[in-house]
Amino acid sequence: MRRLIPLALTVLGACECQPYGAYDAGAFGCLTSADCSPGFICAGGACLPEGSGGFGGGATAGGRGGGVANAGGSQAGGFGGFGGGNTAGGGATAGAGGGPAGGVATAGGGATAGGGATAGGGQPMQPHLTVTAGANQSVMAGACSAQVTLEVRDPANQPLNQGSALSIALSAMPSGLTLFNNPTCTSSTTAVVVGSGTSSTPFWFKSATPNAYQVSATAGGVTGTTVNETVLPGTATKLVITTAAQTNAQAGSCHAITVQQQDALSAPVVAGAPVTVNLLTAPVVHSPLKFFTSPTCSGSSVGNVSIASGQSQVTFYGQAWTGTSYTFTASSGALTPAGQAYVTRPLVRSGNCLFDATTASSGCLVGAPALMSPSTTAVFHQVTSASSSMAASSMRCDPGATQVVCVRRAAGSDVKLYWQTLEMETGLTVQRATVACPNDGGTSTFVPLTGAGASNAFVLVSQSTDTTVLGPTSLVTAKRGPNGVTLQWKEACSFSGSNGYLVSVQLVTLTGATVQAASAMLSSGAASSSTALTPPAGLSSATPFVLSTHQLKGAGADELCSRAVRSESAGSSLGFARGFGMTPPAACTDEEVSNVEAERVYLGSLGSVSVFTATMAQGSSSAVVTLPAPVDVTRTLVFSSSQLSGAGQGAGESALNSGNAPGDAVAAHTLNGGSDFSASQLTLTRGQAQAAARWTSYVVTFGP
């Protein structure tokens, strides 16, 4: 190498060549070998030692490797770089294909420097996969594609038959494209096989979702490949409701509904322009199914919605208050419309059943859908009877899954039971307990119930008793306290046997309601009394309903008119009356009503309350009240204020001064709901009509 230094300098001086920086900063440029020193040749515009590999020629490493190979008319291969490796330079076959092949090898170290194995092409060193047919297809959503062919090729890009079967794994991104191994797209797969002695294999694809997809194909020992495919939206032919049908929705609940436009193969179709979807519902009932764009079903209801441009579907919201089975239809132009059921369970259900002279207990059928739970169901009832015995006309009731189960202590005469259930999935909880009359001569018993002192709780009471007379041992008050309800009699109640006298208590807690409690009395000689009770803040103009129980001191004439008490709310007070008149007969006031426990319930935003005073003359067994506006029977309770022992929530005051039979003061309350579930009349019916009577009756509707 020391010998080369002066020669290189001489050449530099003779030809004024500059270093050829594109390949090596230490090489001298030239046009022909005559420009180089002895022992050097001109290769690729640079003087290189004779015998070197040239550019890409594969000269032996050690010097400035790489000779010139001018095959094909162009310089092929790269500059071998400084020695140190086994083979310097680029392509193994110099000159083939025209342009320079390979790159510049890193000086020293590398076993093989440069680029591709075949000069001029830059081709891979191992077999590879390629797509020979079916790339870049545009297929309609839901349709099976044309065949896509994968082929194995050698480094020279020629088909390469396999000596043994080659499995090729297939995957697609994004998700939604399914790959198949048959032309009808019925056999999905995640791999295909190139058989022994062959070089190619097909696959097909399909998707219901329009999108741009990329399929990757990989196999061991072979360079993989990818293929791009497009799934186009079809032409919309129909509307489809994609959300599940509501089969048991609570009245007033708000539920999302999604309508999508699809092609004939049920693939979503993106709208090129807004698509108006019209919404119709049936039946047209008191509270029809309505649709909203708000997820809280607030604001005004709408009759149509729109699938926006660039979207395939629209979501809106349904709400119904009437407890019935609806159907609704979504339609748009020539598209096939979509329909679906929407079933709402009633908030209030009602019915009646007859207890004949031989029946002491029975289940009154509720019907479908079944009641969800006793803990979310309150039972109201009224008993009409011509019997003079409390043992036959006093009943207590509890809910079952498909029936209301009611019990009386003694049969012997016909009675008719009218029942109502109030059921809510949320916002209503009911705790119930059945306790026996004290057996120790005491006059009270405590029923522990959680949260009994809450300001949104009230009590419903019923009983079955073997006592025949409405008096001090059978009239019982129920008063809420912080931890439960106290049942109180004026005199020790009497019974025969462990089940002789049972009282059922329902503690009803209603979220959003406000309840006030008050106590009062009617002294001997008094036909009425009142107690001050200021309405809660903000509710002075609201109408509440009242429920009451009372005790009797007795010691006077044993007449119904002195023992049946009617309760009502009057602004800033609660009023109580008996005897049906401003100056009733003395027999109607000669006993002391020692205690009245009353509760005043405001519903607030939960619903509305209408109050009526209904009367029946002597000899009349019914009265009809025309309501100021129709109400929905599937969410409306009807009852009266007084919970006369065993009669449920149906008692009033009576003018009967010649007997103790409770049936004269107890009336069943019913609504005349028609086919649209809309009621315009309240009817009161009693079991006997020996004297005139008066009731404070409530029509309580939940919801708007």
Side-chain angles (χ1 to χ4, degrees), residues 246 248-257 279-305 316-328 342-350 376-378 380 420-428 456 508-515 535-536 538-545 601-612 625-639 669 671-682 697-704:
Q246 293 298 325
N248 197 25
Q250 176 173 305
S253 57
C254 191
H255 297 277
I257 302 169
L279 305 172
L280 296 174
T281 180
V284 179
V285 295
H286 182 83
S287 304
L289 174 62
K290 295 182 179 181
F291 304 104
F292 302 83
T293 57
S294 163
T296 58
C297 291
S298 58
S300 300
S301 61
V302 298
N304 61 71
V305 291
F316 52 98
Y317 303 87
Q319 182 186 58
W321 283 96
T322 296
T324 188
S325 178
Y326 302 88
T327 58
F328 69 92
Y342 190 108
V343 180
T344 302
R345 63 186 305 115
L347 288 175
V348 174
R349 283 184 265 186
S350 62
T376 58
T377 305
F380 290 70
Q420 299 171 85
T421 59
L422 172 64
E423 179 185 33
M424 295 182 183
E425 294 176 31
T426 57
L428 174 71
N456 59 350
V508 181
T509 304
L510 191 57
T511 302
T514 302
V515 182
L539 296 174
S540 59
S541 61
T543 302
F545 65 82
V601 182
Y602 292 86
L603 287 184
S605 62
L606 295 176
S608 60
V609 177
S610 296
V611 58
F612 305 95
V625 177
T626 299
L627 305 180
V631 296
D632 185 344
V633 298
T634 69
R635 52 192 176 100
T636 301
L637 288 169
V638 286
F639 55 90
H669 289 59
L671 293 169
N672 69 328
S675 59
D676 64 350
F677 302 100
S678 178
S680 58
Q681 292 181 336
L682 167 66
S697 300
Y698 299 99
V699 177
V700 180
T701 300
F702 294 86

Determine yes or no for a side-chain-to-main-chain donor-acceptor pair under 3.5 angstrom, with Q420 supplying the side chain and V348 the backbone.
-> no

Can you name the side-chain hydrogen bond (donor to acceptor under 3.5 Å, both in side chains) partners of Q250, sequence neighbours left out?
-> none

So, the side chain of D632 versus the backbone of H286: is there a donor-acceptor pair under 3.5 Å, distance only?
-> no

Under the side-chain contact (heavy atoms from CB on, under 4.5 Å) test, which residues partner A256, sequence neighbours left out?
-> T315, Y317

Under a 4.5 Å cut-off applied to non-hydrogen side-chain atoms, are F612 and P628 in contact?
-> yes

If we only count heavy atoms from C-beta on, is the S325 to V343 side-chain gap below 4.5 Å?
-> yes

List in chain and number order the residues that pass side-chain contact (heavy atoms from CB on, under 4.5 Å) with T514, two or more places apart in sequence or in another chain; answer none if no residue qualifies.
-> P536, L539, Y602

Taking only residues two or more places apart in sequence or in another chain, which ones pass side-chain hydrogen bond (donor to acceptor under 3.5 Å, both in side chains) with T344?
-> none

Interatomic distance, R635 atom CZ to S287 atom OG [nearest 0.5 angstrom] = 3.5 Å

Under 3.5 Å, side chain of Q319 to main-chain N/O of K290, donor-acceptor pair present?
-> no

Stepwise side chain to side chain contact (heavy atoms under 4.5 Å, CB included) check, V625 with V699 | CA-CA 11 Å; V625 177; V699 177; over 6 Å; no

Going by heavy atoms in the side chains, are S608 and T543 under 4.5 Å from each other?
-> no

Within-4.5 Å side-chain heavy-atom neighbours: L682 and H669 = yes

Flag side-chain contact, heavy atom, 4.5 Å: F677 against T324 | yes

Shortest non-hydrogen contact between L606 and A513, atoms and distance = CD1-N, 3.7 Å

Apply side chain to side chain contact (heavy atoms under 4.5 Å, CB included) to the pair D676 and V284, showing each step before the final yes or no.
-> CA-CA 7 Å; D676 64 350; V284 179; over 6 Å; no

Indicate yes or no for a side-chain donor-acceptor contact from N248 to the backbone of R345 under 3.5 Å, with no hydrogens or angles considered.
-> no

Evaluate side chain to side chain contact (heavy atoms under 4.5 Å, CB included) for L347 paired with W321, printing each intermediate quantity in order.
-> CA-CA 8 Å; L347 288 175; W321 283 96; 4.1 Å; yes

Applying side-chain contact (heavy atoms from CB on, under 4.5 Å) to S298 and not counting sequence neighbours gives S294, T296

Applying side-chain contact (heavy atoms from CB on, under 4.5 Å), name anything that partners V700, two or more places apart in sequence or on another chain.
-> F545, L603, V609, L637, F639, Y698, F702

Can you find a pair of side-chain heavy atoms, one from L510 and one from M424, that are under 4.5 Å apart?
-> yes

Would you call S301 and F292 a side-chain contact if the rule is heavy atoms closer than 4.5 Å?
-> yes

